[in-house]
Amino acid sequence: MESNNVLKNDALWNRLQRFSPDNPDADFPFSKKLAKEENWTEAFTRKAIEEYKKFVYLCCTLPNGASPSTIVDKVWHMHLTYTRNYWEEFCPIVLQQKLHHHPSSGGKSETEKHSNWFIETLENYRQVFGEMPPEEIWLKRKPSGLHPFFRKYFHLASLLLLLFTVISCSGKGNIAFTGIFFIMIIWIIIKSLKGNNKDNDSGGSSCFSGTCSGNDSSGSSDSCGSSCGGCGGCGGGGD
């Protein structure tokens with residue numbers, strides 16, 4: 001595809017493709033730690049890291065920046081904990097500019113803003129890379145069994161179900177207990193759905209390339225080659 005031919009001659013893209021967050025001398029490198037902490041398979045972790053590099057490329061090259069999926073944002077968060085690798089190799093050598101991570105301020109307007117950025121990112125991804133974003137990384141959450149809220153109250157629901165069964169079988173069941181049981185089940189479902197609505201596919205982060213000057217959120221007053229909204233920012237001129 002035409003976009004792939006363009007990328008082959010892109011210096012930033014080639015540097016990102018050569019980059020690996022894994023230390024070859026480490027017994028427990030970045031990718032293994034990421035896989036263990038997120039309960040991902042080795043293949044899924046490799047794919048997530050590759051998509052993270054694509055996200056960073058979009059961040060650094062698109063006028064309006066990009067917004068990561070939840071999966072991509074997890075890779076970014078982990079990478080930031082490897083401070084030496086991130087700040088002494090990735091930013092100055094690979095990106096050749098500083099890329100800071102600032103949390104979203106939250107609220108309905110922020111959620112709507114990041115949602116719009118995320119939709120724009122998916123379209124830009126298709127145009128830049130000449131293919132659709134892989135659904136398992138960008139459009140769907142990684143399956144992890146029961147919703148966390150259900151996991152939290154699973155034992156309570158199981159106990160109520162057991163008590164309901166025992167009392168019903170003994171012939172001592174009553175309308176009041178049945179009503180309480182079903183109210184508890186409905187409450188758990190409603191709370192789970194509310195928690196699910198708060199967790200969208202976008203990581204609540206975004207970044208955009210360009211030049212920024214003046215004070216950033218960390219107090220730096222230098223200019224930088226990349227600035228980020230939400231989870232991004234500028235931290236001075238590129239090295």
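If you read the sequence from its start, that first residue is 1, and numbering goes on from there. The model shown is predicted, which means the values in this text are computed figures rather than measured ones.
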Below 3.5 Å, can you tabulate the donor-acceptor pairs from side chains in residues 23-36 to any protein atom, sequence neighbours excluded?
residue	atom	partner	partner atom	Å
Asn23	OD1	Asp25	N	2.9
Ser31	OG	Asp22	OD1	3.3
Ser31	OG	Asp22	OD2	2.8

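Note on Leu139: it clusters hydrophobically with Trp76, by side-chain heavy-atom contacts below 4.5 Å among ILVMFWY residues. No continuous path of hydrophobic side-chain contacts links Leu62 to Ile119 [ILVMFWY only; heavy atoms under 4.5 Å]. Note: the hydrophobic cluster containing Met132 does not contain Trp138 (ILVMFWY, side chain heavy atoms under 4.5 Å, direct or indirect links).
Residues Tyr82 and Trp87 keep their aromatic ring centres 6.0 Å or farther apart.
Using a 4.5 Å heavy-atom cutoff, the side chains of Arg126 and Glu131 are not in contact. You'll find the side chain of Leu16 reaches within 4.5 Å of the side chain of Leu95, heavy atoms only.
Using a 30° and 60° split on the angle between ring planes, Phe44 and Trp40 fall in the perpendicular class, above 60°. Between Tyr52 and Phe90, the angle of the ring planes stays under 30°, which puts this pair in the parallel group of the 30/60° scheme.
The distance from the CZ atom of Arg15 to the CD1 atom of Ile93 is 10.0 Å, given to the nearest 0.5 Å. Note that CZ of Phe118 and OG1 of Thr121 are 7.5 Å apart. Values are rounded to the nearest 0.5 Å. Atoms CD and OG, on Glu136 and Ser69 in that order, are 10.0 Å from each other to the nearest 0.5 Å. For the atom pair Glu37 CD and Thr45 OG1, the distance stands at 11.0 Å (nearest 0.5 Å). Here the straight-line distance linking atom SG of Cys59 with atom NZ of Lys53 works out to 15.0 Å at 0.5 Å rounding.
Ser67 contributes no side-chain N or O that, together with a main-chain N or O of Trp117, makes up a donor-acceptor pair within less than 3.5 Å.
Pairing each heavy atom of Leu7 with each of Val128, the nearest pair is CD1-O, 3.9 Å.
No side-chain N or O of Gln17 forms a donor-acceptor pair with one of Tyr57 less than 3.5 Å apart.
When each of Asn85, Asn14, Ile49, Val56 is paired with Phe19, the side chain to side chain contact (heavy atoms under 4.5 Å, CB included) condition holds for Asn85 and for no other.
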**Asked** Checking salt bridge (Lys or Arg N to Asp or Glu O under 4.0 Å) for the pair Glu50/Lys47: CA distance, chi angles, key distance, verdict?
**Response** CA-CA 5 Å; Glu50 288 305 310; Lys47 185 69 173 178; over 6 Å; no
**Check against side-chain hydrogen bond (donor to acceptor under 3.5 Å, both in side chains), Tyr125 and Glu120** = CA-CA 9 Å; Tyr125 183 108; Glu120 183 179 319; over 6 Å; no
**Prompt:** Can you check side chain to side chain contact (heavy atoms under 4.5 Å, CB included) on Gln97 and Cys60, steps first, answer last?
**Reply:** CA-CA 9 Å; Gln97 56 192 19; Cys60 296; 2.9 Å; yes
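Annotation: Lys74, atom NZ; neighbour count of heavy atoms from other residues, nucleotides and ligands within 6.0 Å does not exceed 12.
Residues satisfying the side-chain contact (heavy atoms from CB on, under 4.5 Å) criterion with Glu42, sequence neighbours excluded, are Arg46.
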